[in-house]
Amino acid sequence: MSDIEMTAIDITNEVCPMTFVRTRLALDRLQAGERLLVRLRGPTPLDNVSRSLKLLGHVVEEIQTEADGMTHRLTVLKSPGA
């Protein structure tokens, strides 16, 4: 991953469907080609948010799991068509 600054949101305290709602709102504020770092907690938000973003045409470039094994960081590239 490059050192380019990106927008970041922390939705570790949110539950579905708000995890995706907050992610979508943050992406809506970005220009196509910009990246969003999403920090979330648990397997269900990880699956739901990443799947929903892909269905909308965005690219989940990277998924990292933090040391606790439950908190994840998604790096998302906003698609030009989304």
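For clarity, every value in this text was computed on a predicted model and none was experimentally measured. Counting from 1, the numbers follow the sequence of the chain as shown.
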Task: side chain to side chain donor-acceptor pair (under 3.5 Å) against D28, all qualifying residues, sequence neighbours excluded - done: none
Task: Test item: S79 side-chain N/O and G57 main-chain N/O as donor-acceptor pair under 3.5 Å - done: yes
TODO: Applying side chain to side chain contact (heavy atoms under 4.5 Å, CB included), run through K78 and Q31 and close with a yes or a no.
DONE: CA-CA 7 Å; K78 183 172 180 176; Q31 298 293 317; over 6 Å; no
Task: Any residue meeting side chain to side chain contact (heavy atoms under 4.5 Å, CB included) with I63, in chain and number order, not counting sequence neighbours - done: L46, V60, L74
Please round to the nearest 0.5 Å and tell me the distance separating atom [atom1] of [X] and atom [atom2] of [Y].
X   : Y   : atom1 : atom2 : value
N13 : M18 : CG    : CE    : 12.5 Å
L30 : L25 : CG    : CG    : 11.5 Å
R35 : T75 : CZ    : OG1   : 8.5 Å
I9  : R29 : CD1   : CZ    : 8.0 Å

- [ ] Look at the side-chain heavy atoms of Ile, Leu, Val, Met, Phe, Trp and Tyr, link any pair under 4.5 Å apart, and say whether I11 and L56 land in one connected group.
- [x]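 Yes, I11 connects to L56 through the hydrophobic network.
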Task: Hydrophobic cluster membership, M6 vs L77, 4.5 Å side-chain cutoff - done: no
TODO: Go through H58 and L36 one step at a time and tell me if the side chain to side chain contact (heavy atoms under 4.5 Å, CB included) criterion holds.
DONE: CA-CA 11 Å; H58 302 295; L36 176 67; over 6 Å; no
TODO: Kindly give the heavy-atom pair with the smallest separation between T19 and P45, and that separation in Å.
DONE: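 So the two residues come closest at CG2-CB, 3.9 Å.
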Task: Contact summary for V49 and F20, nearest pair of heavy atoms - done: CG2-N, 3.9 Å
Open item on the list: Enumerate the salt bridge (Lys or Arg N to Asp or Glu O under 4.0 Å) contacts for residues 9-21, please, sequence neighbours excluded, ordered by first and then second residue.
Closed with: D10-R39, E14-R22
